Colleague: 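Okay, here's the structure, questions in a sec.
Please read these numbers as outputs of a predicted model, since none were measured by experiment.
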Amino acid sequence: ALDALERDRQALAAQRRELLERQPRWQSLNDRAIRMAEALQSPLTDRAGLDAVRTRLAQDLPALRRDEEAQTLRREQLHAEGRELLTVGGAIDPHLLRLTDDLGGALLAANFEEATVAEAALFEARLGALTHAVVVEDPQSAANTLTDRASDLSSVYLVSPAEGAALIAAVESAPPPRGADVLVSEGPAWRLTRIPSHPRLGRKARERRAAELLEEATLLDQQLVESRARRRTIERLELDADTLLAEHATWLAGDPAPAL
């Protein structure tokens with residue numbers, strides 16, 4: 001009888017040790033299950049529920065990754081387009097700017113600052129060399145003062161306000177081009193000019209559009225932060241689900257604490 005009692009005591013002690021060892025692991029698994037159920041707002045108490053959750057995560061995660069990749073690509077495109085707009089055309093020759101100031105005139109190009117990139121390219125092709133023209137009250141008198149101009153300005157184009165207005169009206173009302181060139185009558189000759197891909201005209205419109213693109217990219221940055229956080233959460237939940245599947249017997253056996 002004493003031997004039987006000793007065997008029972010040892011069996012109970014072994015059972016208690018096993019329960020004590022299993023309880024922390026069960027608690028960890030149950031915490032994972034609770035975390036998943038709360039995050040997905042779906043009950044998770046059995047193997048069928050676990051399988052359903054794993055199926056949902058397997059569908060959600062690839063979609064989240066695709067969305068994040070698309071947002072990242074779009075953000076990069078926005079930044080690239082903004083940089084391109086700000087570098088298009090380059091700066092106006094500082095010697096021409098100084099000459100314009102000295103003459104008290106104005107650059108003809110200033111009238112096209114609000115043109116879109118497409119419009120600016122077309123207007124610039126139509127104007128040709130007159131893109132760099134300076135509007136002055138008396139072109140001939142102004143020309144007489146330019147004999148000592150900078151050597152970089154081999155040619156200077158001077159137009160009166162009336163001539164400038166006529167040029168502006170002409171380039172803005174010309175029929176749309178056919179193909180990549182414009183054909184312009186210049187006295188006894190015809191000039192065929194390729195429409196530039198990087199026009200100098202339309203600076204203000206380009207800067208405004210670049211600012212809009214930057215603002216859109218900034219909003220997308222915040223969306224990306226949220227998308228990444230959501231994707232990482234789903235990845236952690238997927239890891240929880242895999243762990244629960246691997247140890248589902250321990251989890252589904254229930255809390256061993258009441259038996260202690």
Side-chain angles (χ1 to χ4, degrees), residues 31-44 49-94 97 107 109-126 131 171-172 176-177 179-180 182 194-245:
D31 289 343
R32 291 175 186 262
I34 292 173
R35 183 163 59 241
M36 292 172 62
E38 291 177 348
L40 299 174
Q41 297 183 341
S42 176
L44 185 54
L50 177 60
D51 290 341
V53 164
R54 293 182 73 250
T55 298
R56 175 178 169 184
L57 292 174
Q59 295 172 344
D60 289 352
L61 190 54
L64 288 172
R65 286 171 175 161
R66 287 193 299 270
D67 289 345
E68 185 180 337
E69 290 173 0
Q71 289 174 336
T72 300
L73 178 60
R74 177 56 180 159
R75 182 190 61 178
E76 292 173 353
Q77 290 174 337
L78 290 170
H79 282 295
E81 290 175 19
R83 288 193 300 268
E84 176 71 12
L85 285 171
L86 293 177
T87 57
V88 158
I92 296 173
D93 187 335
L97 289 173
L107 290 172
N111 294 278
F112 303 98
E113 290 285 72
E114 297 293 341
T116 65
V117 174
E119 291 172 339
L122 188 56
F123 295 162
E124 190 167 313
R126 288 170 178 165
T131 297
V171 298
E172 291 182 340
V182 295
R194 180 62 45 91
I195 299 172
S197 58
H198 296 76
R200 292 177 180 271
L201 299 180
R203 178 182 57 83
K204 288 184 178 179
R206 291 198 305 274
E207 290 176 349
R208 184 168 59 250
R209 178 56 180 157
E212 293 171 354
L213 292 173
L214 180 58
E215 182 179 358
E216 185 178 348
T218 301
L219 293 175
L220 200 53
D221 283 339
Q222 181 57 40
Q223 293 176 20
L224 261 172
V225 170
E226 296 170 359
S227 294
R228 286 170 179 159
R230 174 63 176 162
R231 186 253 304 163
R232 288 166 182 160
T233 297
I234 296 299
E235 287 175 340
R236 288 192 294 269
L237 293 176
E238 188 176 52
L239 179 60
D240 286 340
D242 290 343
T243 301
L244 280 178
L245 179 63

Colleague: Among all residues two or more places apart in sequence or in another chain, which pass the side chain to side chain donor-acceptor pair (under 3.5 Å) test with Glu235?
Modeller: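 Side chain to side chain donor-acceptor pair (under 3.5 Å) check on Glu235 returns Arg65, Arg231.
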
Colleague: Check whether Arg228 reaches the backbone of Gln223 with its side chain - one donor and one acceptor, N or O, closer than 3.5 Å.
Modeller: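 No, the answer is negative, given that no donor and acceptor are paired below the 3.5 Å cut-off.
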
Colleague: Run the salt-bridge test on Arg209 and Glu212 with the 4.0 Å N-O cut-off and return the result as yes or no.
Modeller: yes

Colleague: Closest heavy-atom contact between Leu213 and Gly82?
Modeller: CD1-N, 3.7 Å

Colleague: A side-chain contact here means heavy atoms from C-beta on lying under 4.5 Å apart; do Leu44 and Leu244 qualify?
Modeller: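 Yes. Closest side-chain heavy atoms under 4.5 Å.
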
Colleague: Looking at Glu68 and Ser227, what are the two nearest heavy atoms and their distance?
Modeller: OE1-O, 4.3 Å

Colleague: Is there side-chain contact between Thr72 and Leu220, with heavy atoms separated by less than 4.5 Å?
Modeller: no

Colleague: Charged N to carboxylate O below 4.0 Å: is that the case for Glu124 and Arg200?
Modeller: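 Judged by the 4.0 Å cut-off on N to carboxylate O distance, Glu124 and Arg200 do not form a salt bridge.
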
Colleague: Using side-chain heavy atoms (C-beta onward) and a distance below 4.5 Å, is Phe112 in contact with Val171?
Modeller: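 Yes - at least one pair of side-chain heavy atoms lies under 4.5 Å apart.
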
Colleague: For Ala125, give me all partners under side-chain contact (heavy atoms from CB on, under 4.5 Å), at least two apart in sequence or on another chain.
Modeller: Val182, Thr193, Ile195, Pro196

Colleague: For the atom pair CZ (Arg54) and CE (Met36), what is the distance rounded to the nearest 0.5 Å?
Modeller: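 Between Arg54 CZ and Met36 CE, I get 9.0 Å after rounding to 0.5 Å.
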
Colleague: So Arg56 and Asp60, salt bridge (Lys or Arg N to Asp or Glu O under 4.0 Å) or not? Walk me through it.
Modeller: CA-CA 6 Å; Arg56 175 178 169 184; Asp60 289 352; 3.6 Å; yes

Colleague: Taking all non-hydrogen atoms of both residues into account, name the closest pair between Ala120 and Gly202 and its distance.
Modeller: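 Smallest heavy-atom distance, with atoms named: CB-N, 4.1 Å.
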
Colleague: With sequence neighbours excluded, tell me which residues meet side chain to side chain donor-acceptor pair (under 3.5 Å) with Thr233.
Modeller: Arg236

Colleague: In Å, rounded to the nearest 0.5 Å, how long is the span from CG of Leu61 to CG of Leu237?
Modeller: 10.0 Å

Colleague: Rounded to the nearest 0.5 Å, what separation is found between the CG atom of Asp242 and the CZ atom of Arg32?
Modeller: 10.0 Å

Colleague: Go through the steps for Ile234 and Leu57 under the test side-chain contact (heavy atoms from CB on, under 4.5 Å), then give the verdict.
Modeller: CA-CA 7 Å; Ile234 296 299; Leu57 292 174; 3.8 Å; yes

Colleague: Specify the closest pair of heavy atoms between Ala217 and His79, including all atoms of both residues, with the distance to one decimal.
Modeller: CB-NE2, 3.7 Å

Colleague: Can you list the residues that meet the side chain to side chain donor-acceptor pair (under 3.5 Å) rule with Glu216, with sequence neighbours excluded?
Modeller: Arg74

Colleague: Atom CG in Asp67, atom CZ in Arg230: separation rounded to 0.5 Å?
Modeller: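 Output value for this atom pair is 11.5 Å.
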
Colleague: Would a distance-only check, ignoring hydrogens and angles, find a side-chain to backbone donor-acceptor pair under 3.5 Å from Arg203 to Glu113?
Modeller: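 Checked: no pair found.
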
Colleague: Suppose we screen for side chain to side chain donor-acceptor pair (under 3.5 Å). Which residues come up paired with Glu114, at least two apart in sequence or across chains?
Modeller: Arg208

Colleague: What is the distance from atom CD of Glu76 to atom CD of Glu81, rounded to the nearest 0.5 Å?
Modeller: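 Between atom CD of Glu76 and atom CD of Glu81 there are 12.0 Å.
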
Colleague: Please enumerate all residues that pass salt bridge (charged side-chain N to carboxylate O under 4.0 Å, His left out) together with Asp221, with sequence neighbours excluded.
Modeller: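 With sequence neighbours excluded, Asp221 shows a salt bridge (charged side-chain N to carboxylate O under 4.0 Å, His left out) to Arg75, given in chain and number order.
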
Colleague: Is the shortest side-chain heavy-atom distance between Glu172 and Glu119 below 4.5 Å?
Modeller: no

Colleague: At what distance, to the nearest 0.5 angstrom, does CG of Asn111 lie from CZ of Phe123?
Modeller: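 Atom-to-atom, Asn111:CG and Phe123:CZ are 11.0 Å apart.
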
